[in-house]
Amino acid sequence: MDEYQTEEETAFIVEDVSKVIKESVEVAIGGSTYQHSRVNQWSTSVVEQCLSQLSKMGKPFKYIVTCIIMQKNGAGLQTASACFWDNSTDGSCAVRWENKSMYCIVSVFGLAI
Amino acid sequence: MSDLLKDKSQRREKRTVKVPSEGSHGARGKEATVRTKDSISIVSSMDELGHHDDNARMVVTMENTYQMDILKDVLTNYLQQEKYEVEWSQKMTKTICEVIRARVKDLMIPRYKIVVLVHIGQQCGQSMQMSSRCLWDAANDTFASYSFKNSSLFGVATVYAVYFE
């Protein structure tokens, strides 16, 4: 049996992941206005959607998905990440989405097994 | 017999930091609830009956309360007396990230990949929610996080440690 996997199947492809994230965010909070009572449910659903789409891609990766939903208030937010991993196989992707009432920042880190 | 080392079941972990607010201009303090996983004590085991592995493997799962001490230390030292300013906080976020990564690397825990996330934000009375989920091997992988706030800013640092097989 040929178990050779092409590099495409085992590499972290930023574009694909970014598409997955954008779709998940649209689906979960697309037309909504920030509501404190619903934000917990929204962020859970964004993250779960992302994770399930990513695992459907069937790649040999462990994933970490984080989501920040913040009300638009003029406040500033800085985010940074530092990773100790294998540059040739692992990757990350961050997507910043916004609408009139809130910001949503989703980051996905994929670590090859 | 099969043991944790062989079992590659993937389970999800969730951490939520909720920062509610009820005022319009930072007059109200924020409450941050951080729910972290129960701490895992260091376990080392030798596997000499490997059905699939010929090499004996030492697995050390990380003590995540120990990591939290590092996070608490770094965040408090760097942010204690500071006020939120755009450029300063841009630099500070990156610096803190690198400092935490260096200190976690110093723990010299073999075969673990590290991801460090740092968020610094302004306290303006806004409401926000941070959450994360992971698809990994819950037996070997873990995370730790710590949040800090003062009157003008808040800082959240998270470290994820993923076992590399």
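Convention: sequence-line order gives letters A, B, ...; per-chain numbering from 1.
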Side chain to side chain contact (heavy atoms under 4.5 Å, CB included) between B:Phe154 and A:Leu77, intermediate numbers included: CA-CA 9 Å; B:Phe154 66 90; A:Leu77 175 70; 4.1 Å; yes

Report the C-alpha distance between B:Ser132 and A:Thr66 in whole Å, list the side-chain angles of each, state the deciding distance to 0.1 Å, and finish with yes or no for side-chain hydrogen bond (donor to acceptor under 3.5 Å, both in side chains). CA-CA 4 Å; B:Ser132 75; A:Thr66 64; over 6 Å; no

Would you please test A:Lys62 and B:Leu135 for side chain to side chain contact (heavy atoms under 4.5 Å, CB included) and show each step? CA-CA 6 Å; A:Lys62 290 182 176 177; B:Leu135 187 66; over 6 Å; no

Verdict with reasoning, B:His119 to A:Gln78, per side chain to side chain contact (heavy atoms under 4.5 Å, CB included): CA-CA 6 Å; B:His119 312 274; A:Gln78 307 291 343; over 6 Å; no

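Considering all non-hydrogen atoms of both residues, A:Gly74 and B:Gln122 come closest at O-OE1, 3.9 Å. Of all heavy-atom pairs spanning B:Gly125 and A:Asn73, the tightest one is C-ND2, 3.7 Å. Contact detail for B:Ser127 and A:His36: the closest heavy-atom pair is OG-ND1, 3.0 Å.
More than 12 non-hydrogen atoms from other residues, nucleotides or ligands lie less than 6.0 angstrom from CD of B:Gln80. Around atom NZ of B:Lys83, no more than 12 heavy atoms belonging to other residues, nucleotides or ligands sit under 6.0 Å away.
Heavy-atom pairs under 4.5 Å with chain A were tallied for B:Ile120, B:Leu153, B:Ile100; the largest tally goes to B:Ile120. For the options A:Ser107, A:Ala112, A:Ala82, heavy-atom pairs under 4.5 Å to chain B are most numerous at A:Ala82.
A chain of hydrophobic side-chain contacts below 4.5 Å, direct or via other Ile, Leu, Val, Met, Phe, Trp or Tyr residues, connects B:Val99 to B:Ile109. Both A:Val20 and A:Trp97 are part of a single hydrophobic cluster, where members link through side-chain heavy atoms under 4.5 Å apart. Connection of A:Met57 to A:Val46 is established within a shared hydrophobic cluster, with ILVMFWY side chains joined at heavy-atom distances below 4.5 Å, either directly or through further cluster members. Linking ILVMFWY side-chain heavy atoms closer than 4.5 Å, directly or via other members, places A:Phe84 and B:Ile96 in a single hydrophobic cluster. Follow the hydrophobic side-chain contacts under 4.5 Å out from B:Phe164 and you never reach B:Leu107; the two are in separate clusters.
The structure places CZ of A:Arg38 at 13.0 Å from CD of B:Gln129, a figure rounded to the nearest 0.5 Å. For the atom pair SG of B:Cys124 and CD of A:Gln71, the computed distance is 10.5 Å after rounding to the nearest 0.5 Å. Rounded to the nearest 0.5 angstrom, A:Leu51 CG and B:Arg133 CZ are separated by 8.0 Å. Here OG1 of A:Thr79 is found 7.0 Å from CE of B:Met130. Values are rounded to the nearest 0.5 Å. Annotation: the span from B:Ser131 atom OG to A:Ile69 atom CD1 amounts to 7.0 Å, rounded to 0.5 Å. Remark: B:Ile114 CD1 to A:Cys83 SG distance equals 10.0 Å, nearest 0.5 Å.
Annotation: side chain of A:Trp85 is not in contact with side chain of B:Val162 (no heavy-atom distance under 4.5 Å). You'll find the side chain of B:Tyr163 stays beyond 4.5 Å of the side chain of A:Leu111, heavy atoms only. Considering only heavy atoms from C-beta on, B:Met128 comes within 4.5 Å of A:Ile68 through its side chain.
The part of A:Val47 that comes within reach of chain B is its side chain, from C-beta onward, which places non-hydrogen atoms under 4.5 angstrom from that chain. If you measure heavy-atom distances from A:Ser37 to chain B, you find no contacts under 4.5 Å at all. Both the backbone and the side chain of A:Tyr63 come within contact range of chain B, with heavy atoms under 4.5 Å apart.
A salt bridge links B:Lys113 to A:Asp90: at least one charged side-chain nitrogen sits closer than 4.0 Å to a carboxylate oxygen.
Inspection of non-hydrogen atoms places B:Val86, B:Ser89, B:Gln90, B:Thr93, B:Lys94 of residues 85-95 of chain B under 4.5 Å from chain A.
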